[in-house]
Peer 1: 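My questions will all concern the structure given below.
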Amino acid sequence: MIAPSILSANFLTLGNEIEMLNNSSADYIHLDVMDGVFVPNITFGQPIIKQISSIAKKPLDTHLMIVQPERYIDEFADAGSKIITVHYEACTHLHRIIQQIKKNNILAGVSVNPHTPVYLLESIIYEVDLVLIMSVNPGFGGQSFISFSYEKIKQLADLRHKKSLQFLIELDGGVTIENAQLLYDAGVDILVAGNAVFGAKDPTAAITLIRNSKNNR
Ligand code: DX5
Ligand code: ZN
């Protein structure tokens, strides 16, 4: 699956960008919420997500790069998110926060920064619907893929297999048409792509190319 990130979209014509995604083979719309504290950048919040939700035909995948996400989770759910992912590094009481997300009857995800080892998730993977591996340091679109992420995907896929769990594996940062196939092969279920989609001449075609790269061998 593919979840295009609107971080690299043209916000002056955001409605058109969402329409493009509605008519594409995108599986989700990835929304990067940044607070300028957890990450060195600020993006958008609940009011904009609410507006996106009013026209989006694909489920909204909200990636919270914010401290104390428990303060806003219910609002992000009410705004129309179908997945909410919080950062392992931003949550002192991660277990409680995951339950808070699930109480809203949506999917709960946990994300790890590039420096955070996958084994630290061993006690929480029983509770989550999704694990998001960051393959760049979060904060900006268009950064280069950190290659150790392949190792982390494989470790996580192994862990999932060993424990007979079902959570989805999502990967975010530096995804390109070139590396998509290797990433799916390593065990990724959902690829997030910002620059590779919105920086392409034909974003709709780029979405389909990335999404189908698993079968293009
Ligand atoms: C980065 C965000 C990503 C970003 C990915 O902090 O979480 O979702 O949009 O952008 P690309 O695909 O351009 O690396
Ligand atoms: Zn993201």
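All ligand and atom numbering here is 1-based and tracks the order in the structure.
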Peer 1: Name the closest protein heavy atom to atom 10 (O) of ligand 1, giving the residue it belongs to and the distance to 0.1 Å.
Peer 2: Gly141 CA, 3.6 Å
Peer 1: Should Leu21 and Phe44 be regarded as members of a common hydrophobic cluster, given that ILVMFWY residues are connected when their side-chain heavy atoms come within less than 4.5 Å of each other, either directly or indirectly?
Peer 2: yes
Peer 1: So which of the N, O or S atoms of Asp172 lies nearest the Zn ion (ligand 2)?
Peer 2: OD2
Peer 1: Among the N, O or S atoms of His63, which one sits nearest to the Zn ion (ligand 2)?
Peer 2: ND1
Peer 1: Have Asp32 and His30 got a donor and an acceptor in their side chains that come within less than 3.5 Å?
Peer 2: yes
Peer 1: Looking at atom 9 (O) of ligand 1, what's its closest protein heavy atom, distance included?
Peer 2: Ser5 OG, 2.9 Å
Peer 1: Give yes or no for whether the N/O distance cutoff of 3.5 Å, strictly under, is met between Gly174 and ligand 1.
Peer 2: yes
Peer 1: For a 4.5 angstrom cut-off between non-hydrogen side-chain atoms, does Leu64 reach Ile73?
Peer 2: yes
Peer 1: Does Ile2 form a side chain to side chain contact (heavy atoms under 4.5 Å, CB included) with Val175? I'd like the steps, not just the answer.
Peer 2: CA-CA 10 Å; Ile2 177 163; Val175 169; over 6 Å; no
Peer 1: Using a strict cut-off of 4.0 Å, indicate which atoms of ligand 1 neighbour a heavy atom of Gly173.
Peer 2: 14 (O)
Peer 1: Checking side-chain hydrogen bond (donor to acceptor under 3.5 Å, both in side chains) for the pair Thr85/Ser111: CA distance, chi angles, key distance, verdict?
Peer 2: CA-CA 6 Å; Thr85 297; Ser111 181; over 6 Å; no
Peer 1: Does any part of the side chain of Lys82, heavy atoms only, come nearer than 4.5 Å to the side chain of Leu107, both counted from C-beta?
Peer 2: no
Peer 1: Heavy-atom contacts with Met34 under 4.0 Å: which atoms of ligand 1 show up? List them by number with element.
Peer 2: 6 (O)
Peer 1: Would you check the N or O atoms of Val175, main chain and side chain alike, for any that come under 3.5 Å of an N or O of ligand 1?
Peer 2: no
Peer 1: Heavy-atom count check: over 12 atoms from other residues, nucleotides or ligands less than 6.0 Å from Tyr72 OH?
Peer 2: no
Peer 1: Less than 3.5 Å between some nitrogen or oxygen of Ser8 and one of ligand 1, yes or no?
Peer 2: no
Peer 1: Just which atoms of ligand 1 are under 4.0 Å from any heavy atom in His30?
Peer 2: 8 (O)
Peer 1: List the steps and the verdict of side chain to side chain contact (heavy atoms under 4.5 Å, CB included) for Ile6 and Phe11.
Peer 2: CA-CA 9 Å; Ile6 63 159; Phe11 278 72; 4.1 Å; yes
Peer 1: Which atoms of ligand 1 sit under 4.0 Å from any heavy atom of Asn195?
Peer 2: 11 (P), 12 (O), 13 (O)
Peer 1: Can any side-chain N or O of Glu17 pair as donor or acceptor with the backbone N or O of Asn10 at less than 3.5 Å?
Peer 2: yes
Peer 1: Do the side chains of Val112 and Ile169 join up, straight or via other hydrophobic residues, at under 4.5 Å, putting them in one cluster?
Peer 2: yes
Peer 1: Taking the basic N atoms (NZ, or NE/NH1/NH2) and the acidic carboxylate oxygens, is any pair closer than 4.0 Å for Arg71 and Asp35?
Peer 2: no
Peer 1: Tell me whether Asn137 has any N or O atom under 3.5 angstrom from an N or O of ligand 1.
Peer 2: no
Peer 1: If only atom types and distance count, is the side chain of Ser135 paired as donor or acceptor with the main-chain N or O of Gly173 below 3.5 Å?
Peer 2: yes
Peer 1: For atom 12 (O) of ligand 1, what's the nearest protein heavy-atom neighbour? Residue, atom name and distance, please.
Peer 2: Gly194 N, 2.8 Å
Peer 1: Same cluster for Ile84 and Leu132 if Ile/Leu/Val/Met/Phe/Trp/Tyr side chains link at under 4.5 Å?
Peer 2: no
Peer 1: Which bit of Ala193 gets closer than 4.0 Å to ligand 1, counting heavy atoms only: side chain, backbone, both or neither?
Peer 2: backbone
Peer 1: Of the protein's non-hydrogen atoms, which lies at the shortest distance from atom 6 (O) of ligand 1, and what is that distance?
Peer 2: Gly139 N, 2.8 Å
Peer 1: Quick one: which ligand 1 atoms are inside 4.0 Å of a heavy atom on Pro138?
Peer 2: 6 (O)
Peer 1: Give the atoms of ligand 1, by number and element, whose distance to some non-hydrogen atom of Met65 is under 4.0 Å.
Peer 2: 6 (O), 7 (O)
Peer 1: Counting from 1, what ligand 1 atoms have a heavy atom of His63 closer than 4.0 Å?
Peer 2: 7 (O)
Peer 1: Looking only at heavy atoms, is any part of Asp32 under 4.0 Å from ligand 1, and if so is it the side chain, the backbone, or both, or is it neither?
Peer 2: side chain
Peer 1: So is Gly142 polar-close to ligand 1, meaning N/O to N/O under 3.5 Å?
Peer 2: yes
Peer 1: Could you establish whether Phe140 and ligand 1 come within less than 4.0 Å of each other, counting only heavy atoms on the residue side?
Peer 2: yes
Peer 1: Should you measure from each heavy atom of Asp172, which atoms of ligand 1 turn up under 4.0 Å away?
Peer 2: 2 (C), 3 (C), 4 (C), 5 (C), 7 (O), 8 (O)
Peer 1: If we only count N/O pairs under 3.5 Å, is Val192 in contact with ligand 1?
Peer 2: no
Peer 1: Can Phe38 be reached from Phe140 by stepping across I, L, V, M, F, W or Y side chains whose heavy atoms are under 4.5 Å apart?
Peer 2: no
Peer 1: Checking one value in my table: which N/O/S atom of Asp32 lies closest to the Zn ion (ligand 2)?
Peer 2: OD1
